[in-house]
Amino acid sequence: MSENIFDILVGSTADFSAIAIEAEHGERLSYADLNAQSARMANALFALGLRPGDRLAAQIDKSTDAIILYLATVRAGGVFLPLNTAYTPAEMAYFIGDAEPAIFVCDPARRDVLEPIAAAAGAALVTLDADGGGSLAEAAAASSAEFETVARAADDLAALLYTSGTTGRSKGAMLTHGNLVSNARTLRDAWHYGPTDILIHALPIFHTHGLFVATNVTLLSGASMILLRKFDPARIIGLMARSTVLMGVPTFYVRLLDEPGLTRDASASMRLFISGSAPLLAETHKSWEATTGHAILERYGMTETNMNVSNPYIGERVAGTVGLPLAGVEVRITDPETGVDVTAGEIGMIEVRGPNVFKGYWRMPEKTAEDLRDNGFFITGDLGRIDEQGYVHIVGRGKDLIISGGFNVYPKEIEAEIDAIDGVVESAVIGLPHRDFGEAVTAVVVPKCGAKQDPENILGTLQQRLARFKLPKKVVFVGELPRNTMGKVQKNLLRDEYFDLYGN
């Protein structure tokens, strides 16, 4: 029996007449439409030379055709590689050169600058735009609506996603059909997803969150999604009356809270708000519940594993935690140096094991061996702890750990205290080179508009709450923190910007 994810997401749909996707301009595609259009696209890709195991890279804007391209690629046995539309030609040269795709799909407007990159990698370059135009769209329209899905084993690759690459060069995470299917099934059950659900889909689809969580879970459930090309707070609030689920990053919820239209009545038809890809401030969690009556469900995952833990659908959703291990997923906390389990409740490295864990890094056997243990546990690079109730708390990235004067300092602990100070929106705590301490604890703080803040106010408050070795040596005020497209604070950029703050 084939384990191709297409057969499991679309081919096994109970009601092919049900609406799968509603596009922004009103187009509505049923599951039967997805089946036919993905067949046309798969035939076009086969004619272009795509064969089982070949990579297909896509740097295209979000659209129904982009979803169909993903489905057609895996249906044809190919390996889907979505790429951020913000990447420059120089960045694209690395990804295309490393992945060596058989086909590279781009927007027609970018064809001229990307053609030399495709040629250098030996990839066939075709185009597809968000409005259904481009050479690939034309080829698909002229192709047959019949296509026999290529049989795939659970261990065969379905996707190649590159990590954000905040340190060193980006790594391609190899995700199998089995990885993606198992996680979609687990999340469907954990979040009580079903055919009557309607998702407001405002996430990008070049990332795990928007493509594999939002899209896969919706299709596997026989549910439908309203596909928005970008995040529009007012539009999202207007759609809540006929929707049931919203998946977003913390920034979504912060901006929605600023909208006067967000009320209990406006969100009364919704059953679930999910947040991920970056930490959700406890203040945002509390403000959302006070405004809408809904508790945001926060979860935790990453490119290499999809989702690992989630706050419960039924049960307490604890602000400041990412919840409990998902069914079939094991989570343990280990000493970063020795790999030995730490005492219950202590901070250490988060490691996970389960059918969701990726196969390894593309053409990086040494890095794979470094991060993926022989016993199947993946070393996430995230520091955390598990409390007495079994909830996982994320403390920060391992590389963000600050060692100051020989003491380990966990940025999240200090950030939580700073964020609780009146007049503060948020903060980021980083370690910077210091001649005496090795690294100096440094706080970068975003004050609320109009709020008067000074370093002494911050430090005076922290002195009452934290041990002396944890106190920032300096406080820097900024208008906003640098973030990537998924809302994660880019501390590496802050470390670069303030590298010489202590005159080293």
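Just so you know, these numbers come straight off a predicted model, no measurement behind them.
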(request) Would you mind listing every side-chain hydrogen bond (donor to acceptor under 3.5 Å, both in side chains) that reaches into residues 38-60, with sequence neighbours excluded? (result) Ser38-Arg75

(message) Run the ring pair (Phe, Tyr, Trp, His ring centres under 6.0 Å) test against His207 and tell me which residues pass, sequence neighbours left out.
(response) none

(request) Can you run down the side-chain hydrogen bond (donor to acceptor under 3.5 Å, both in side chains) pairs that involve residues 174-183, sequence neighbours left out, and say none if there aren't any? (result) Thr176-Asn179

(request) Salt-bridge test for Glu22 and Arg242: reply yes if a basic N is under 4.0 Å from a carboxylate O, no otherwise. (result) yes

(request) Keeping to residues at least two apart or across chains, list the ring pair (Phe, Tyr, Trp, His ring centres under 6.0 Å) pairs with something in residues 115-148. (result) none

(request) Could you tell me which residues satisfy salt bridge (charged side-chain N to carboxylate O under 4.0 Å, His left out) with Glu370, sequence neighbours excluded, listed by chain and number? (result) Lys367

(message) Strictly below 4.0 Å, N to O, side chains only: are Arg110 and Asp61 in salt-bridge contact?
(response) yes

(message) Is it true that, when you exclude Arg483 itself, more than 12 heavy atoms of the residues, nucleotides or ligands shown sit nearer than 6.0 Å to its CZ?
(response) yes

(request) Please step through side chain to side chain contact (heavy atoms under 4.5 Å, CB included) for the pair Leu246 and Met270, ending with a clear verdict. (result) CA-CA 8 Å; Leu246 174 68; Met270 299 290 288; 3.9 Å; yes

(request) Hey, could you give me each pair passing ring pair (Phe, Tyr, Trp, His ring centres under 6.0 Å) that has a residue in residues 232-258? Not counting sequence neighbours. (result) Phe231-Phe252, Tyr253-Trp288

(request) Using the test side-chain contact (heavy atoms from CB on, under 4.5 Å), find all partners of Thr64 that sit at least two apart in sequence or belong to another chain. (result) Ile21, Ala23, Glu27, Leu29, Leu227

(message) Could you work out, with side-chain contact (heavy atoms from CB on, under 4.5 Å) as the rule, every residue matching Pro336, not counting sequence neighbours?
(response) Met349, Leu383

(message) Ala295: which residues meet the side-chain contact (heavy atoms from CB on, under 4.5 Å) condition with it, sequence neighbours left out?
(response) His285, Glu289, Arg317

(request) Kindly state each residue pair satisfying salt bridge (charged side-chain N to carboxylate O under 4.0 Å, His left out) with at least one member in residues 178-206, sequence neighbours excluded. (result) Asp197-Arg271

(request) Mind jotting down which residue pairs meet the ring pair (Phe, Tyr, Trp, His ring centres under 6.0 Å) criterion with at least one end in residues 38-78? Sequence neighbours excluded, please. (result) Tyr70-Phe80, Tyr70-Phe212

Side chains of residues 351-365: which donor-acceptor pairs under 3.5 Å do they make with residues two or more places apart or in other chains?
residue: Glu351; atom: OE1; partner: Arg332; partner atom: NE; Å: 3.0
residue: Glu351; atom: OE1; partner: Arg332; partner atom: NH2; Å: 2.9
residue: Glu351; atom: OE1; partner: Arg373; partner atom: NE; Å: 2.9
residue: Glu351; atom: OE2; partner: Thr334; partner atom: OG1; Å: 2.8
residue: Glu351; atom: OE2; partner: Arg373; partner atom: NE; Å: 3.1
residue: Glu351; atom: OE2; partner: Arg373; partner atom: NH2; Å: 2.8
residue: Arg353; atom: NE; partner: Glu330; partner atom: OE2; Å: 2.9
residue: Arg353; atom: NH1; partner: Asn375; partner atom: O; Å: 2.8
residue: Arg353; atom: NH2; partner: Glu330; partner atom: OE1; Å: 3.0
residue: Arg353; atom: NH2; partner: Glu330; partner atom: OE2; Å: 3.2
residue: Asn356; atom: ND2; partner: Thr305; partner atom: O; Å: 2.9
residue: Asn356; atom: ND2; partner: Met307; partner atom: O; Å: 3.3
residue: Asn356; atom: ND2; partner: Asn308; partner atom: OD1; Å: 3.0
residue: Lys359; atom: NZ; partner: Asp155; partner atom: O; Å: 3.0
residue: Lys359; atom: NZ; partner: Asp155; partner atom: OD2; Å: 3.2
residue: Tyr361; atom: OH; partner: Glu304; partner atom: OE2; Å: 2.7
residue: Trp362; atom: NE1; partner: Asp98; partner atom: O; Å: 3.0
residue: Arg363; atom: NH1; partner: Asp98; partner atom: O; Å: 3.0
residue: Arg363; atom: NH1; partner: Glu100; partner atom: OE1; Å: 3.0
residue: Arg363; atom: NH2; partner: Glu100; partner atom: OE1; Å: 2.9

